[in-house]
2 protein chains.
Amino acid sequence: MYRIGELAKQCEVKADTLRFYEKHGLLSPSMRSDSGYRLYSEQDAERLRFILRAKAVGFTLSEITELLSIDLDKSNWACADVKGMVDIKLANVEEKIAELNHFRVSLQRLSDACCGGPESAEHCSILEALESNVEVKCENHSHDHGETEYKTSCKLKG
Amino acid sequence: MYRIGELAKQCEVKADTLRFYEKHGLLSPSMRSDSGYRLYSEQDAERLRFILRAKAVGFTLSEITELLSIDLDKSNWACADVKGMVDIKLANVEEKIAELNHFRVSLQRLSDACCGGPESAEHCSILEALESNVEVKCENHSHDHGETEYKTSCKLKG
DNA sequence: ATAAACCTTAGAGTTAAATCTAAGGTCAAG
DNA sequence: CTTGACCTTAGATTTAACTCTAAGGTTTAT
């Protein structure tokens, strides 16, 4: 039997987290000591590891609750059910990745459009792009800082 | 001048959101009507569009607050400062993408390992992977449901 | 016997960005 | 003159997953 701090350390979580999981029905210690300390069995520890593995692949705690209840009652569930959950989650994750990729591309464009030098930001392409509804379309840019020699290889398209 | 609902509709946000932005110092209407209604100028509307564009590339509201204050005081900032913000955000977004890709790969492996059929989940590879510290290593799998003919092309590695 | 390290509880706080509620005032149309 | 759509405010709620606080009890080592 492990006390809360022992199990926490072993699984690299905080004792707080174990209390939190208990409050939310994910994991309860199978015993209490005479003085009321939580005592976790090896089975409890395994359940915790299940939870942590499921977290590591991206499931939320409420999804994990569902997975745990399926796991305890496997014979009443089909593979299709379990795979369905994974596939929904996968679609979910792919959607978030797509959104972030959109951010990434836009940010990269902004970054590429700006010289990043010590010049005043008065003509900064990034700020200009945010000010007007303009799409940054290129990769290299030199500001017009009133100098006579520069190359402008960047086009803004409204 | 636009009333709150008009500007909200025009920019496809809720009036609540505009009040929220005001409370948090991002956007205040330049006037109030005699009866206390918020009245937004075209300049206010432009500021809102700036905010929404910055949001669309992934900046948080507090980052946008910073961008707005730079934008209003450009001459005291360098391109490097602005590009720096974008690059930090970009790194940030790339980190999140990497994390989600990790999830995606793990989920894909789990999904591929499971037949997804109507069979009982008693021998489901997904649940087995979550139960034990096993890595799913392959793409195709048929369960051993006690049948005599099947192919197991999936290996689990402990 | 006392200090340090551990444990208990209930409940509040954190983060981000809204969203909602209640109770009421304003305005234009019919 | 009343109905309905709009507006006002302050403040509570939402979501997820913790994290922290306060006030106190237990264990272990010296």
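Just so it is clear, the structure is predicted and the values come from calculations on it, not from any experiment. Just so we're on the same page: letters track the sequence lines, and every chain starts at 1.
Not counting sequence neighbours, the partners of A/H24 by the ring-ring contact (aromatic ring centres under 6.0 Å, His included) test are A/F20. Remark: A/E131 engages B/K74 in a salt bridge (charged side-chain N to carboxylate O under 4.0 Å, His left out) (not counting sequence neighbours). Residues satisfying the side chain to side chain contact (heavy atoms under 4.5 Å, CB included) criterion with A/S28, sequence neighbours excluded, are A/E22. Residues passing the salt bridge (charged side-chain N to carboxylate O under 4.0 Å, His left out) test with A/K96: none are found, sequence neighbours excluded. With sequence neighbours left out, A/D16 forms a salt bridge (charged side-chain N to carboxylate O under 4.0 Å, His left out) with A/R19. When the salt bridge (charged side-chain N to carboxylate O under 4.0 Å, His left out) test is applied to A/E42, the partners found at least two apart in sequence or on another chain are A/R49. Residues satisfying the side chain to side chain contact (heavy atoms under 4.5 Å, CB included) criterion with B/N101, sequence neighbours excluded, are A/I97, B/I97, B/R104.
Atom C1' of nucleotide D/dT21 and atom CG of A/D16 are separated by 10 Å, given to the nearest angstrom. If you take CG of B/D34 and P of C/dT26, they are 11 Å apart, rounded to a whole angstrom. Atoms CD1 (B/I64) and C1' (C/dA18) sit 13 Å apart, rounded to a whole Å. Between the CZ atom of A/F59 and the P atom of D/dA16 there is a distance of 15 Å, rounded to whole Å. Distance A/Y2 OH to D/dT27 P: 20 Å, rounded to the nearest Å. The NE2-P distance, from B/H24 to D/dA10, rounds to 14 Å in whole Å.
For the pair B/S33 and D/dC7, the criterion of a side-chain N or O lying under 4.0 Å from OP1 or OP2 is not met. Considering only side-chain N and O atoms, B/K55 lies under 4.0 angstrom from the phosphate OP1 or OP2 of C/dA18. Taking side-chain N and O atoms only, B/K14 has a distance below 4.0 Å to OP1 or OP2 of C/dC20.
Under the 3.5 Å distance criterion, the side-chain polar atoms of B/D112 are left unmatched by any main-chain donor or acceptor of B/R109.
Residue A/L39 is found in a hydrophobic cluster whose other members, listed by chain and number, are A/M1, A/M31; membership requires side-chain heavy atoms under 4.5 Å apart, directly or through intermediates. Cluster partners of B/I88, using a side-chain heavy-atom cutoff of under 4.5 Å among ILVMFWY residues and allowing indirect links: none.
Each end of the helix from C/dA1-D/dT30 to C/dG30-D/dC1 yields a helix axis from five base pairs, and these two axes differ in direction by 20° (to the nearest 10 degrees).
Taking the side chain of A/Y21 as heavy atoms from C-beta on, and the options C/dT19, D/dC18, C/dA18, the nearest nucleotide is D/dC18.
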(message) Can you build the contact string for nucleotides 1-11 of chain C? Use B for base contact, S for sugar-phosphate-only contact, and - for no protein heavy atom under 4.0 Å.
(response) -----BSBB--
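DNA chain C is contacted by no residue of residues 94-104 of chain B, taking any non-hydrogen atom closer than 4.0 Å.
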